[in-house]
J.: 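Pasting a structure below so you can have a look.
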Amino acid sequence: MTGWFADSAHWTGPDGVPAQVGHHLVYTLLALGISLAIAVPLGMFIGYTGRGGGLVVGSANALRALPTLGALVLLFLLISSSVSGQAVYLIPTTAVLVLLGVPPILAGTYAGIQNADSGAVGAARAMGYTRAQILVRVQLPCALPLMLSGIRSATLQIVSTATVAAYVGLQGLGRFILDGRAEADFTKMTAGALLVAVLAIAFEVLFALVGRFTISPGLRRAETSATRSRPSPAIPVPAPGT
C-alpha cells in the first residue's frame, strides 16, 4: 500500500490521484448543491406550516431506500436514447446522489424549524415580529444545529457513494476500485477505498469546524443534550451504496 502511494506515476496525469479526487469532488458538490436547493426550502415550508410533513418525509425515505446501483443503471437506460455526450453519464449519477442527499437535509431542516425554542418564538411574536421575521431571525438560527447535522450526513453519504460514477464510465475515485477489481489489483482497490475514506473524514472535520464557528455555544449544548437523550433516530439511514 505504501509503495502504491509512493509511486509518482499515480499522482500525475488525467488518471492520477489529484485528478480523480477533483472529479469525485465535482460529483459530490454538484449533488450536494442540488440537494440543498431542493431540501432546504421544502423543509422550511413544512416546518413552518406543518403541512405535508409525513407525506414528504415518508416519500423521501422511500426514494432513499432504492438500491443506488440499480437506480443508476435504470436512469442511464431511460435517458441514453435522448441525451448525448457526458450528460448521459452525469445526469443519472447526479440523480441517484441527490436521492441520497435530500432526505437527511430535509429531515434536519424540517425538525429544526418545528422544534425551535417555543419561548424564543413567543417572545419574538410578543415583540411584534411578523411570521417571516420569526422564521428568519428566530426559527432558522435555532434550527441551525439540526440543519448542519442533516447536511453533514448527506455529504458523507454522497461522498461515499459517488464511487458509483465509475460504473457508467465517469472518472472519480471509483475508477481505482472498479479498475483494480477488473485488473485483480487489490492494492489499487484498497487505495481507492482509502482515498474515499480520507475524503469523508476531511468533510467531517470541515463540518465540525463550520458548526463550531456558526452555532452559538448555547445551541451546541442544547443539541448535545438532545442527542444524548434521543432514544433512536427518527429516520433510519441505510448504508451508503445500497
Side-chain angles (χ1 to χ4, degrees), residues 24-76 78-79 83 87 89-116 135 139-140 142-165 167-168 170 172 174 196 199-200 203-204 206-207 210-211 214 223 230 232-242:
H24 203 91
L25 285 175
V26 168
Y27 308 145
T28 299
L29 296 179
L30 177 61
L32 181 62
I34 296 174
S35 300
L36 286 169
I38 295 172
V40 170
L42 189 57
M44 288 173 60
F45 174 78
I46 295 172
Y48 183 65
T49 63
R51 297 175 182 172
L55 176 63
V56 173
V57 174
S59 301
N61 279 340
L63 288 174
R64 195 171 58 174
L66 290 173
T68 302
L69 190 55
L72 174 67
V73 174
L74 177 62
L75 288 172
F76 174 75
L78 288 176
I79 71 168
V83 179
Y89 309 113
L90 188 58
I91 290 175
T93 301
T94 305
V96 297
L97 296 179
V98 169
L99 290 179
L100 287 174
V102 165
I105 300 173
L106 177 62
T109 306
Y110 160 60
I113 295 292
Q114 273 213 330
N115 294 315
L135 174 65
Q139 289 177 299
L140 269 179
C142 290
L144 194 55
L146 282 177
M147 290 177 68
L148 276 179
S149 176
I151 295 170
R152 182 180 62 186
S153 175
T155 305
L156 295 181
Q157 291 193 49
I158 290 173
V159 77
S160 301
T161 313
T163 52
V164 298
Y167 282 91
V168 291
L170 291 176
V196 173
L199 202 56
F203 273 109
E204 178 75 16
L206 175 64
F207 276 105
V210 170
T214 58
E223 171 65 10
R230 196 173 298 150
S232 61
I235 297 175
V237 179
T242 57

J.: How far apart are the closest heavy atoms of Thr161 and Gln157, and which atoms are they?
T.: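 Heavy-atom minimum between the residues: OG1-O, 2.6 Å.
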J.: Under the side-chain hydrogen bond (donor to acceptor under 3.5 Å, both in side chains) rule, what pairs show up with a residue in residues 33-49, not counting sequence neighbours?
T.: Tyr48-Arg131
J.: Can you name the side-chain contact (heavy atoms from CB on, under 4.5 Å) partners of Leu36, sequence neighbours left out?
T.: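 Counting only residues at least two positions away or on another chain, Leu36 forms a side-chain contact (heavy atoms from CB on, under 4.5 Å) with Leu32, Val40, Ile105, Ile151.
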J.: Are Ile46 and Leu42 packed together at the side-chain level, in the sense that at least one heavy-atom pair is separated by less than 4.5 angstrom?
T.: yes
J.: Per the salt bridge (Lys or Arg N to Asp or Glu O under 4.0 Å) rule, what does the pair list look like for residues 89-115, sequence neighbours excluded?
T.: none
J.: Could you tell me the separation between the OG1 atom of Thr155 and the CZ atom of Phe207, rounded to the nearest 0.5 Å?
T.: 3.5 Å
J.: If every non-hydrogen atom of Gly112 is compared with every non-hydrogen atom of Ala143, which pair is closest and at what distance?
T.: C-CB, 3.3 Å
J.: Please determine whether side-chain contact (heavy atoms from CB on, under 4.5 Å) holds for the pair Val102 and Val98, giving the CA-CA distance in whole Å, both sets of side-chain angles, and the decisive distance to 0.1 Å.
T.: CA-CA 6 Å; Val102 165; Val98 169; 3.7 Å; yes
J.: Listed by chain and number, what are the side-chain contact (heavy atoms from CB on, under 4.5 Å) partners of Ala71, not counting sequence neighbours?
T.: Val96
J.: If you look only at pairs with a residue in residues 151-163, which of them pass as a salt bridge (Lys or Arg N to Asp or Glu O under 4.0 Å), with sequence neighbours excluded?
T.: Arg152-Glu204
J.: Sequence neighbours left out, what passes side-chain contact (heavy atoms from CB on, under 4.5 Å) with Ala87? Give chain and number order.
T.: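 Residues passing side-chain contact (heavy atoms from CB on, under 4.5 Å) with Ala87: Val83, Ile91.
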J.: With sequence neighbours left out, what residues match Phe76 under ring-ring contact (aromatic ring centres under 6.0 Å, His included)?
T.: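 Phe76: ring-ring contact (aromatic ring centres under 6.0 Å, His included) contacts with Tyr89.
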J.: CD1 of Ile158 to CD1 of Ile34: how many Å apart, nearest 0.5 Å?
T.: 9.5 Å
J.: Look up atom CD1 in Ile113 and atom CE in Met147, then write down how far apart they are to the nearest 0.5 Å.
T.: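 The distance works out to 6.5 Å.
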J.: Keeping to residues at least two apart or across chains, list the side-chain hydrogen bond (donor to acceptor under 3.5 Å, both in side chains) pairs with something in residues 90-109.
T.: none
J.: Of all heavy-atom pairs between Pro145 and Cys142, which one has the smallest distance, and what is that distance?
T.: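 Result for this residue pair: CD-O, 3.4 Å.
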J.: Measuring from atom CG of Leu148 to atom OG1 of Thr214, what distance do you get when rounded to the nearest 0.5 angstrom?
T.: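 It comes to 5.0 Å.
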J.: Give, for atom OG1 of Thr28 and atom CG of Leu156, the distance between the pair rounded to the nearest 0.5 Å.
T.: 10.5 Å
J.: Can you list the residues that meet the side-chain contact (heavy atoms from CB on, under 4.5 Å) rule with Val196, with sequence neighbours excluded?
T.: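 Partners of Val196 by the side-chain contact (heavy atoms from CB on, under 4.5 Å) criterion, ordered by chain and then number, come out as His24, Thr163, Leu173.
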